[in-house]
Amino acid sequence: MTEWIEMGKFAELDDVAQKEANRLAEYALDVALDPAKVIRFEETEKGFRLLIDEDLYKFYQGL
């Protein structure tokens, strides 16, 4: 089972949220991961959370 790591919280899926997701998608492509499978938004009571797969997180953190 994949673990998901929270990378940000957003009140709405606006340009700021999409830009952050796109930035992380570039990292995913750099390590041959499909952004559609390793990046997602999850709706919460106060908006949305941006989540990434643990494998992408390890690359992002340089682990």
Side-chain angles (χ1 to χ4, degrees):
M1 185 169 150
T2 299
E3 184 175 335
W4 292 89
I5 294 36
E6 183 179 298
M7 297 300 291
K9 293 180 181 181
F10 303 91
E12 57 187 60
L13 293 179
D14 57 7
D15 286 342
V16 175
Q18 291 300 325
K19 284 181 183 179
E20 182 64 10
N22 290 339
R23 186 178 69 80
L24 292 170
E26 290 295 322
Y27 286 122
L29 292 171
D30 285 346
V31 291
L33 295 173
D34 181 357
K37 294 182 179 181
V38 297
I39 300 169
R40 71 180 190 188
F41 283 99
E42 183 178 273
E43 192 168 0
T44 67
E45 291 179 9
K46 297 182 180 180
F48 297 89
R49 297 186 322 153
L50 176 59
L51 304 168
I52 63 172
D53 177 89
E54 64 186 325
D55 292 331
L56 179 56
Y57 180 78
K58 288 176 185 176
F59 169 73
Y60 180 77
Q61 293 297 320
L63 303 175

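The structure displayed is predicted, hence computed values, not measured ones.
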Value rounded to 0.5 Å, distance of CG in L50 from NZ in K9: 12.5 Å
Once you round to the nearest 0.5 Å, how far does CD1 of I52 lie from CH2 of W4? 9.0 Å
What distance do D14 atom CG and F48 atom CZ have between them, rounded to the nearest 0.5 Å? 10.0 Å
Side-chain polar contacts of residues 18-32 - donor-acceptor pairs under 3.5 angstrom, sequence neighbours left out - could you list them?
from	atom 1	to	atom 2	distance (Å)
E20	OE1	R23	NE	3.1
E20	OE1	R23	NH2	3.4
E20	OE2	R23	NH2	2.5
N22	ND2	Q18	O	3.3
R23	NH2	Y60	OH	3.2

When the side chains of residues 34-42 are checked against the rest of the protein, which donor-acceptor pairs come out under 3.5 Å, sequence neighbours left out?
from	atom 1	to	atom 2	distance (Å)
D34	OD1	A36	N	3.0
E42	OE2	R49	NE	3.2
E42	OE2	R49	NH2	2.7

Same cluster or not: are L56 and L51 linked, directly or through other Ile, Leu, Val, Met, Phe, Trp or Tyr residues, by side-chain heavy atoms under 4.5 angstrom apart? no
